[in-house]
There are 2 protein chains.
Amino acid sequence: MIARALLIATLQAVATVAAAARPPLAVAEIGHFYVGGRTVTIAGVPPRARFRSAGLPPAQIDPNGTFTTGATYVGFVRLAHPRHRYPIVLLPGGGFSGAVYETTPDGRPGWLRDFLDAGHSTYVVDLDRTGRSARARYPEVDPDEPAFRSNAFLWEVLRIGAPGSYAADGGPRAYPGTRFPVASFTAFANGAQPRYPITAEAEAPVYDAVVRAACPCILLAHSASGGGALAAALRWPDQVKAVIAVEPASVPAAPPQPGGPPHLFVWGDYLTPDVTSKDWSEELAAAEAYRAALDRAGTRADLLALPQVGIRGNSHMLMADDNSRAIAALIERWLSRRGL
Amino acid sequence: MIARALLIATLQAVATVAAAARPPLAVAEIGHFYVGGRTVTIAGVPPRARFRSAGLPPAQIDPNGTFTTGATYVGFVRLAHPRHRYPIVLLPGGGFSGAVYETTPDGRPGWLRDFLDAGHSTYVVDLDRTGRSARARYPEVDPDEPAFRSNAFLWEVLRIGAPGSYAADGGPRAYPGTRFPVASFTAFANGAQPRYPITAEAEAPVYDAVVRAACPCILLAHSASGGGALAAALRWPDQVKAVIAVEPASVPAAPPQPGGPPHLFVWGDYLTPDVTSKDWSEELAAAEAYRAALDRAGTRADLLALPQVGIRGNSHMLMADDNSRAIAALIERWLSRRGL
């Protein structure tokens, strides 16, 4: 638990900083690389007509051949003068690209900028065929088609409003006191990406490849990437220097071993049991059980449950909420106290 | 035509700069926004089982509902002290996200960095459902499934090697003297994106939205985005201050009107008529005819045909080739001479 006095001091510092313009960043390198990727061969599929681009006639395409697929895009912004030893790797939740960390739906600088301002070089990953990562044909490569999520599904599963509230009379009805920038929900939904099937067997090598390329580092994971990041910390205890698990959707099945890096679990609001069908309380309970297991193993594992420190109204998308910068500052303060 | 003496001076300057490390960039803002986007409603599709994420049981998903689709991702890097009045908007070719401009396949800084170093703020666009832009269900929203392009298709259509050369005995055989970083072809193919059907009617509003959000500006378009950028310059002669059309795949059907901004057309090598099935000479001829029409309309329209100034070996992916920085410097020099 982060102490209330520390919280108040941090929020006061954030308010002071927020009043001033952000000074320019001295950026040494900006770019990307891909990790993973494999070659697949497709054979025996009939040729078909293929659209080319506007103004050009259709062409015949042969869907067969050798394809490169499965690679994961890792963007980076390396500071000329980082003030901390380890970069932060920002891992999005399911169905969102790394763009969720760049800019909030209402156009404020996102956690990417907050952690750059704090002096960390950063990596932002497009996981699970989102964003600039590779996609794959189905059924030849993937067993299932991607799942598109409706506005109502997003609204409710991300705890912007209660189940049924998207289709409320008079338009979507958010939770009272929500910190999500509701007026920018459409801008937010512009960035929603379809979800592709991924198995646990396929997931671990992606995290391994990211760790090999970007670490030693701090992993900051959200929702569906939480389980992968927590598991990566078990496999790479010397390379992963801390894990920030923001509302993790799952936790590793394997029990933690002694000697792991420090962990911080961050949770928002509206996790009460009366929110039933799209509740996250099962995920919270699983994460708390895992946190207790880390503690028993002698690994530091702190809880930042925002309502418990007086911060109410946060949705599942804490990096999009209107107090995103204050939450980043709390995370950064926790890292500083860990010497990171 | 860029004079040979100018070319040599520019290449010498580039060689001098390349020997030194790039100084840090002073970045004021880094982030993105989405333009366009619309709401679609899907009804009457049966529910189906949906994969969630590794470690979680499948869920039932209702594919029906209201979805936000069609938005285009526009990334930006705004310099604290730009040395030029207008930013450059980098528009990728078909089946590539904006990542092609960030970093070359062999890990060198891309045109994004080259133009930032030259003092332009930049925008990079993920066109046509690539990258972080929205995708769409088919057949409910899009009429056709996306087209995945094989390694052999990419190799040959991008003029890395001659038709049939990907499947050559002993492995893919590049054109003699190619400037494409052939050893990094797999890394390059990691970034290939499927192509989605797009009509001319759907294309123009995307360019209009980009112009409204990012201009006044310079448009730099490659291949499939060439036609859209050239047409946008006709519709927005006051907002588009210059067009750099790098191997445009199409040109506007409408004849240019007087008073347009200056244009530069850039072409690589291997455009000889003996390269037949994946030739680009038809596109080159169409672009040259359009350039002549611009000239007749009194609009400056220059040709930079690299082999004509002694630079041989460039593929269709000039921003990926090993002399990408020298080509950016030639473009930047042309802009400087236009007062841009």
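A note on names: the letters A, B, ... follow the listed sequences, proteins ahead of strands, and every chain is numbered from 1.
- In this structure, chain A has no heavy atom under 4.5 Å from any part of B/P105.
- Contact of A/V77 with chain B is made through the side chain alone, with heavy-atom distances under 4.5 Å.
- Of the residues considered (B/T72, B/I42, B/T66), B/T66 shows the highest number of contacts with chain A, using heavy-atom pairs under 4.5 Å.
- For residues 91-101 of chain A, heavy-atom neighbours of chain B at less than 4.5 Å comprise A/S97, A/G98, A/A99, sorted by residue number.
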Would A/F76 and B/E102 count as a side chain to side chain contact (heavy atoms under 4.5 Å, CB included) here? Give the steps. CA-CA 10 Å; A/F76 57 79; B/E102 279 189 343; over 6 Å; no
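- Of the listed residues (A/G131, A/G37, A/G75), the greatest number of heavy-atom pairs within a distance under 4.5 Å of chain B belongs to A/G131.
- With respect to chain B, the highest number of heavy-atom pairs below 4.5 Å among A/P252, A/A187, A/G191, A/G227 belongs to A/G191.
- Neither the backbone nor the side chain of B/A204 has a heavy atom closer than 4.5 Å to any heavy atom of chain A.
- Shown here are the side chain to side chain contact (heavy atoms under 4.5 Å, CB included) partners of A/P205, two or more places apart in sequence or in another chain: there are none.
- At a 4.5 Å heavy-atom cutoff, the contact between A/P194 and chain B is made by side-chain atoms alone.
- Closest of all the heavy-atom pairs between A/N190 and B/G36 is ND2-O, 4.0 Å.
- Ranked by heavy-atom pairs under 4.5 Å with chain B, the first of A/G110, A/A253, A/A189, A/P63 is A/A189.
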Before you tell me yes or no, could you show the steps for A/R135 and B/F148 under side chain to side chain contact (heavy atoms under 4.5 Å, CB included), namely the whole-Å CA-CA distance, both residues' side-chain angles and the distance that decides it to 0.1 Å? CA-CA 9 Å; A/R135 306 174 202 174; B/F148 289 80; 4.1 Å; yes
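- For A/A202, the side chain to side chain contact (heavy atoms under 4.5 Å, CB included) partners at least two apart in sequence or on another chain are A/I198, A/T199.
- Using non-hydrogen atoms only and a strict 4.5 Å limit, the part of residues 25-35 of chain B facing chain A consists of B/L25, B/A26, B/V27, B/A28, B/E29, B/I30, B/G31, B/H32, B/Y34.
- For a residue to count as touching a neighbouring chain, one of its non-hydrogen atoms must lie under 4.5 Å from one of that chain's; by this rule A/S133 touches chain B with the backbone only.
- For B/R137, the parts lying near chain A are the backbone and the side chain together; criterion is any non-hydrogen pair under 4.5 Å.
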